Amino acid sequence: MSSADPPNASPDAVKRSRYTLRQLHLLRQGSTATPLRAIAHIDLDAFYAQCEMVRLGIPRDTPLAVRQWDSLIAVNYAARPFGITRMLNAVDARKACPNIVLQHVATFREGEGGRWAYRDDSFRSIKTDKVSLDPYRAESRKILKTMKEELDRWTTEYTDDEIHSLTQGISAGLEKASIDEVFIDLSPLIYRVLLQRYPEIRPNPHDEDRDAELPQPPTTAVQWDSEDCLIGLDREEREEDDPDWDDIVMQIAADIVRSVRMAVWEKLHYTCSAGIARNKMLSKLGSACNKPDKQTVVRNRAIQIFLGGYKFTQIRMLGGKLGDQITADFGTEKVSDLLKFSLDQLRAKLDDHTATWLYGVIRGEDRSEVSPRTQMKSMLSAKSFRPSINSAGQAEKWLRIFAADIYGRLVEDGVLENRRRPRVITLHHRVVQSRSRQIPIPGSNTIDENLLFELAKTLLRQVIADGQAWPCANLSLSVGSFEDGVGKNRAIEGFLLRGDRAKSVTQSTSVREADSTANDHIPPEKKRKVDIKRFFAHPPPPGDPTSIGHDSAQHTDQEVSNAPSDEPEAPALAPADVLPQYNCDRCSKSIPEYEKEEHDDWHFAKDLETQDRQEARNAQQQNQQQTPPANTSRRSGSRGRGGRSRGKPEKGQMRLAFE
DNA sequence: GTACTTTAT
DNA sequence: GGATAAAGTAC
């Protein structure tokens with residue numbers, strides 16, 4: 001043991017953990033600051049290909065690729081041994097594997113309304129059809145739902161009354177990273193499991209030193225599943241060494257992820273691969289290590305070896321121009337080579353922010369958070385033209401289809417029920433360079449296909465008036481800046497929601513874009529029911545005195561603003577005036593006697609949290625920059641917008657009726 | 001806010 | 001490469 005040992009270290013030479021009580025309890029609120037945290041990245045294997053296999057009932061060992069015009073956009077694992085890859089064209093794929101199934105994506109077709117369909121001749125119909133990815137979006141939603149249900153099952157399973165009082169409102173955050181990938185912050189869930197399995201680490205008011213090292217966990221605690229792929233340990237570490245708490249955490253994470261993957265397979269017949277590690281970056285690298293249908297665990301003690309073997313251009317954010325620039329600046333693509341440069345040496349070539357970020361990231365540090373988000377922030381419908389199109393008439397044909405496409409997706413998203421609604425619509429247009437124009441969607445109008453189409457035409461006229469519009473090689477329409485609806489059913493829901501959930505409903509325009517919650521996909525009907533039930537089943541402790549003044553301006557760091565709020569609001573009606581009451585001397589509130597114990601626990605947990613937040617703030621001030629690098633892009637100069645002021649109709653342009 | 005860039009699947 | 005999506009910068 002080192003000289004840093006506390007003087008009161010017990011003389012009986014009990015081995016201590018490398019982690020502290022504080023680090024362990026930071027798991028509770030999904031803090032990004034603890035080295036014990038566990039993040040999973042789950043990636044569907046050749047997703048579009050699997051969607052088609054499921055849809056068509058094609059067995060796993062049949063080679064299949066998804067076709068888009070003459071290109072392949074997904075290749076299943078049965079086809080890969082034949083040398084089939086994306087970027088082969090359909091003809092070459094057939095040559096390499098005569099038996100391959102080449103399934104074209106669904107398409108919209110001019111004059112057939114807003115309905116996509118799978119068509120035998122779509123690959124020949126590039127002139128009249130537009131790709132629809134809707135079938136894949138629908139499958140993606142189902143898969144997310146299944147994953148969430150399985151996580152919820154874990155959450156309820158590992159919740160006895162005592163744990164409940166310490167972890168209420170806390171569950172795994174799930175971030176939809178793309179149509180076929182999610183990040184899950186398993187820390188809060190694992191915290192529950194740990195409290196359940198190891199009662200000795202439950203928060204105890206008598207713990208006086210939260211920064212003392214924890215006792216080591218039982219040496220028999222970690223049993224890896226034979227299916228888990230473990231990244232080999234760093235040089236100084238040995239498999240025979242006794243496990244520490246991070247090993248336990250990772251093993252529980254692996255159990256959870258395995259069961260999530262199994263649920264997806266059993267319910268929907270999709271396989272996926274997963275990476276499990278301390279942070280998003282490592283879990284993402286991990287999920288790609290063993291495909292398909294495998295999960296890879298990057299333990300803390302394996303990080304250095306693991307990362308050292310990579311080209312840094314594989315790391316998120318370094319796959320593009322920034323990565324190229326760094327390669328040029330330092331004459332290497334290897335993480336192991338880059339490790340030799342000091343922070344100051346990195347600073348000499350890169351801006352401060354980027355240098356600090358890079359220095360940490362190649363050492364396995366990544367404090368980016370898993371933001372519980374499953375909803376789209378924008379929707380885009382696009383078409384590339386080969387050959388280019390040459391008139392407004394041709395363009396409008398496509399705008400009709402774009403409008404129908406987007407409208408259909410908005411309906412899925414709940415525009416009809418006023419759940420969400422986009423505030424801006426944008427038209428992108430490319431001749432050589434691309435240009436775009438956007439306008440607000442008038443809030444007074446009901447959004448329908450025709451409104452979108454009319455707005456799109458308005459934008460098209462502006463783009464045409466702006467400059468060289470033809471020949472046009474690419475056109476796209478998108479909507480974004482969604483706001484949460486305050487429809488009738490929304491108002492009462494907002495009233496019943498607690499804490500951060502309520503904020504996400506009512507403050508959709510806050511600076512940091514108060515985001516939706518992990519339960520967003522649940523239909524409002526169901527969500528409301530659940531919330532009401534919990535509301536009455538567990539009357540929450542009265543308002544949290546420690547949180548006074550925590551709002552608004554105080555929310556300067558991620559820890560605070562994103563910590564799941566377990567802070568209940570006082571019920572509109574006090575449960576009972578007739579029950580025996582207990583007066584809490586901490587918060588001077590009067591609560592029912594039978595809740596005293598839970599209330600005290602709650603104060604205790606709150607105190608821990610307050611300390612932890614302070615801790616996190618301090619840590620963050622020291623660490624300065626955890627955020628990914630700023631965009632180094634310089635303006636490409638003289639592409640001026642023609643000096644004409646906007647907002648006025650063009651000469652001869654009609655004002656739209658709804659403006 | 002609007003237009004544009006970068007990164008990613 | 002085509003169709004998406006997200007986040008960030010510049011003004």
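If you're wondering where the values come from, they're calculated on a predicted model, not measured in any experiment. A, B, ... follow the sequence lines: proteins, then strands. Residue 1 opens every chain.
- Remark: P of B:dT5 and CZ of A:Arg430 are 12 Å apart, rounded to the nearest angstrom.
- Distance A:Trp357 CH2 to B:dT7 P: 10 Å, rounded to the nearest Å.
- Nearest to the side chain of A:Ser381, among B:dA3, C:dT4, B:dT6, sits C:dT4.
- Listed nucleotides C:dA7, C:dA5, C:dG1 differ in distance to A:Arg373; the shortest reach to its side chain belongs to C:dA7.
- Residue-level contact check: A:Lys284 touches the backbone only, with heavy atoms under 4.0 Å from sugar-phosphate atoms and none from bases.
- Residue-level contact check: A:Ile73 touches the bases, meaning some heavy atom is under 4.0 Å from a base atom.
- For the pairing with A:His41, the side chain to side chain donor-acceptor pair (under 3.5 Å) check across A:Ser283, A:Ser287, A:Ser273 returns one residue only, A:Ser287.
- As judged by a 4.0 angstrom heavy-atom cut-off over every strand, A:Ser384 is placed among residues touching the sugar-phosphate backbone only.
- Comparing C:dA6, C:dG2, C:dA3 by their closest approach to the side chain of A:Asn474 singles out C:dA3.
- A cation-pi arrangement is found for A:Arg55 relative to A:Tyr118, the charged atom lying closer than 6.0 Å to the ring centre and inside a 45° cone about the ring normal.
- Remark: A:Ser378 is in phosphate contact with C:dA6, judged by side-chain N or O atoms under 4.0 Å from OP1 or OP2.
- The CD1-P distance, from A:Ile179 to C:dG2, rounds to 19 Å in whole Å.
- Side-chain proximity of A:Gln438 to the nucleotides B:dT6, B:dT2, C:dG2 is greatest for B:dT2.
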Before giving the answer on salt bridge (charged side-chain N to carboxylate O under 4.0 Å, His left out), spell out for A:Arg409 and A:Asp413 the whole-Å C-alpha distance, their side-chain angles and the decisive distance to 0.1 Å. CA-CA 6 Å; A:Arg409 288 196 252 159; A:Asp413 198 49; over 6 Å; no
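- Taking the six-membered ring where the residue is Trp, A:Tyr48 and A:Tyr136 present parallel rings, their angle staying beneath 30° rather than reaching 60°.
- In this structure, A:Arg67 reaches neither bases nor backbone, as no heavy-atom distance under 4.0 Å exists between it and the strands shown.
- The aromatic rings of A:Tyr310 and A:Phe306 stand perpendicular to each other, their planes meeting at an angle above 60°, with 30° marking the opposite boundary.
- Look at A:Arg409 and you'll find a side-chain N or O under 4.0 angstrom from OP1 or OP2 of C:dA5.
- If you measure from atom CG of A:Leu44 to atom C1' of B:dA8, you get 17 Å, rounded to the nearest angstrom.
- When the nearest nucleotides of DNA chain B are assigned to A:Val424 and A:His428 by heavy-atom distance, the more 5′-ward of the two goes with A:Val424.
- Checking B:dT9, C:dA3, C:dA5 against the side-chain heavy atoms of A:Met379 singles out C:dA5 as nearest.
- Annotation: of the two residues near DNA chain C, A:Leu72 and A:Asp405, the 5′-most nearest-nucleotide partner is A:Leu72.
- Note on A:Arg423: every side-chain N or O is 4.0 Å or more away from OP1 and OP2 of B:dG1.
- Distance A:Lys377 NZ to C:dA7 C1': 8 Å, rounded to the nearest Å.
- In terms of phosphate contacts, A:Arg437 brings a side-chain nitrogen or oxygen within less than 4.0 Å of OP1 or OP2 of B:dA3.
- Between the P atom of C:dG2 and the CG atom of A:Asp70 lies a distance of 12 Å, rounded to the nearest Å.
- Note on A:Met87: a base of the nucleic acid sits closer than 4.0 angstrom, heavy atoms only.
- Computed from coordinates, the A:Phe123 CZ to C:dG1 C1' distance equals 19 Å when rounded to whole Å.
- A straight line from CZ of A:Arg435 to P of B:dT5 spans 12 Å, rounded to a whole angstrom.
- Looking at A:Ser31, its side chain does come within 3.5 Å of a backbone N or O of A:Ala33 through a donor-acceptor pair.
- Between C:dA3, B:dT9, C:dA5, one nucleotide has an atom nearer to the side chain of A:Val131 than all others, and that is C:dA3.
- The side chain of A:Arg386 places no N or O atom within less than 4.0 Å of a non-bridging phosphate oxygen (OP1 or OP2) of C:dG1.
- Judged by a 6.0 Å distance limit and a 45° cone about the ring axis, A:Arg363 is not positioned over the six-membered ring of A:Trp357.
- Here C:dA3 is the nucleotide among B:dT6, C:dA3, B:dT9 with the atom lying nearest to any side-chain atom of A:Leu133.
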